[in-house]
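Written below as structure tokens is the structure these notes are about.
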Number of protein chains: 2
Amino acid sequence: MNPWQVLSKSLKYQPMQRVFEALSSPIRRKILAYLAHADLTAGEIAAKFEISKPAVSQHLSVLEVAGLVTSEKKGQYVHYSLAPDQLTNTLNGYVQEVCPVAKPLKRESAALAKARANKPQDNGL
Amino acid sequence: MNPWQVLSKSLKYQPMQRVFEALSSPIRRKILAYLAHADLTAGEIAAKFEISKPAVSQHLSVLEVAGLVTSEKKGQYVHYSLAPDQLTNTLNGYVQEVCPVAKPLKRESAALAKARANKPQDNGL
DNA sequence: TCGGTGTTTAAGTGATTACCTAATTACCTA
DNA sequence: TAGGTAATTAGGTAATCACTTAAACACCGA
């Protein structure tokens, strides 16, 4: 097994692990909550916390690697957006494994996603 | 502010933080998945992992403090059970904050919980 | 081209985490 | 009561995490 295989086999680099690890920080959860209401630049996000800008930048990087946010550079600004699918898919995926009641919820979720695709202006997604 | 107030104000000791922190470990998520299928003793759980028994005991303690599992001593054995409500309530609670589509899911979840209360033998909860 | 702003990278530090082994506690049975 | 099993607590260590400041990079407008 070559080093790359070892790395990719490590749980640390599996998608679900990255999502749960990202969510384990209160600051990162708060960033996601802010982004749920509106896209924000890195500076706007940093202004909402008392820690340094580089620290916020690191948190944003963790969220992006986990697939929970996306970023787009516009001029000198970097705009961050929520990627809600990764969040709901991962949490639903795990909860379903632990908790059978989640199965009907998942079907309901799929139905809602379908409805959402038809009327994309309907909610925050 | 006395030391106790400082402690209890710290995010580290808030319920949601404890749940997400508990879920950030792959081993702890796996323990919950095992307990979803059947109650198990500490020894039975430890046998499923390659790490030492004290290490598993620590993981179980983290899960219990987070309210995700409960334990009951029977003779020399300690039986662990899943506490599914804490898991679904916390995840739903947060996802709802980030992702508006979770609201109808939460209503659906409440309806299912109600149905479950009437027929407790119906599923793993 | 040059100073100013927005953002990330680099390097280092203190705190926390996960793990181990050894010791301890609790209980059961002969 | 003594020996054995189940489980946790104690003590110590290596690795990881979150944070800081300083430096670098990228872009804008005068």
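Letters A, B, ... are given to chains in the order of the sequence lines, protein chains preceding strands, and every chain is numbered from 1. Note that this is a predicted model, so its numbers are computed, not measured.
Not counting sequence neighbours, Q76(A) has no partner by the side-chain hydrogen bond (donor to acceptor under 3.5 Å, both in side chains) test.
Residues L68(B) and T90(B) have side chains not in contact (no heavy-atom distance under 4.5 Å, counting atoms from C-beta outward). By the 4.5 Å heavy-atom criterion applied to side chains, Y34(B) and L82(B) are not counted as neighbours. Using a 4.5 Å heavy-atom cutoff, the side chains of Q17(A) and R29(B) are in contact. Here the side chains of L23(B) and L32(B) are in contact, with some heavy-atom distance below 4.5 Å.
Residue H59(B) places no side-chain N or O under 4.0 Å from the OP1 or OP2 atom of dT17(C). Contact between the side-chain N/O atoms of S52(A) and the OP1/OP2 oxygens of dC19(D) is not found at any separation under 4.0 Å.
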Which atom pairs, donor and acceptor, lie under 3.5 Å between side-chain atoms of residues 42-62 of chain B and protein residues at least two apart or in another chain?
residue, atom, partner, partner atom, Å
E44(B), OE1, T41(B), N, 2.9
S52(B), OG, A55(B), N, 3.4
H59(B), ND1, R28(B), NH1, 3.1

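Rounding to whole angstrom units, CD1 of residue I51(A) and C1' of dT13(C) are separated by 16 Å. Distance CD (E72(A)) to P (dT8(C)): 14 Å, rounded to an integer number of Å. To the nearest angstrom, C1' of dA18(C) lies 14 Å from CG of L63(B). Separating the CZ atom of F49(B) from the C1' atom of dC20(C) is a distance of 18 Å, rounded to the nearest angstrom. Computed from coordinates, the I45(A) CD1 to dG6(C) P distance equals 14 Å when rounded to whole Å.
Counting only heavy atoms from C-beta on, R28(B) has its side chain closest to dA18(C) among dA18(C), dA26(D), dA26(C).
Sorted by first and then second residue, the ring-ring contact (aromatic ring centres under 6.0 Å, His included) pairs with a member in residues 61-85 of chain A form an empty list; sequence neighbours excluded.
Atom CD of E97(A) and atom NE2 of H37(B) lie 7.5 Å apart (nearest 0.5 Å). If you take CD on E21(B) and CE on M16(B), they are separated by 13.5 Å, rounding to the nearest 0.5 Å.
Nearest-nucleotide mapping onto DNA chain D: of K73(A) and S25(A), the residue sitting toward the 5' end is S25(A).
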Tabulate protein N/O versus nucleotide N/O from nucleotides 6-9 of chain D, keeping only pairs under 3.5 Å, one per line.
residue, atom, partner, partner atom, Å
dA7(D), OP1, A42(B), N, 3.4
dA7(D), OP1, V78(B), N, 3.3
dA7(D), OP2, G43(B), N, 2.6
dT8(D), OP1, Y80(B), OH, 2.6
dT8(D), OP2, S57(B), OG, 2.8
dT8(D), O5', S57(B), OG, 3.3

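Secondary-structure annotation of DNA chain C gives the stems C:1-30 with D:1-30, with a stem taken as at least 3 successive Watson-Crick or G-U pairs whose two distances both fall under 3.5 Å.
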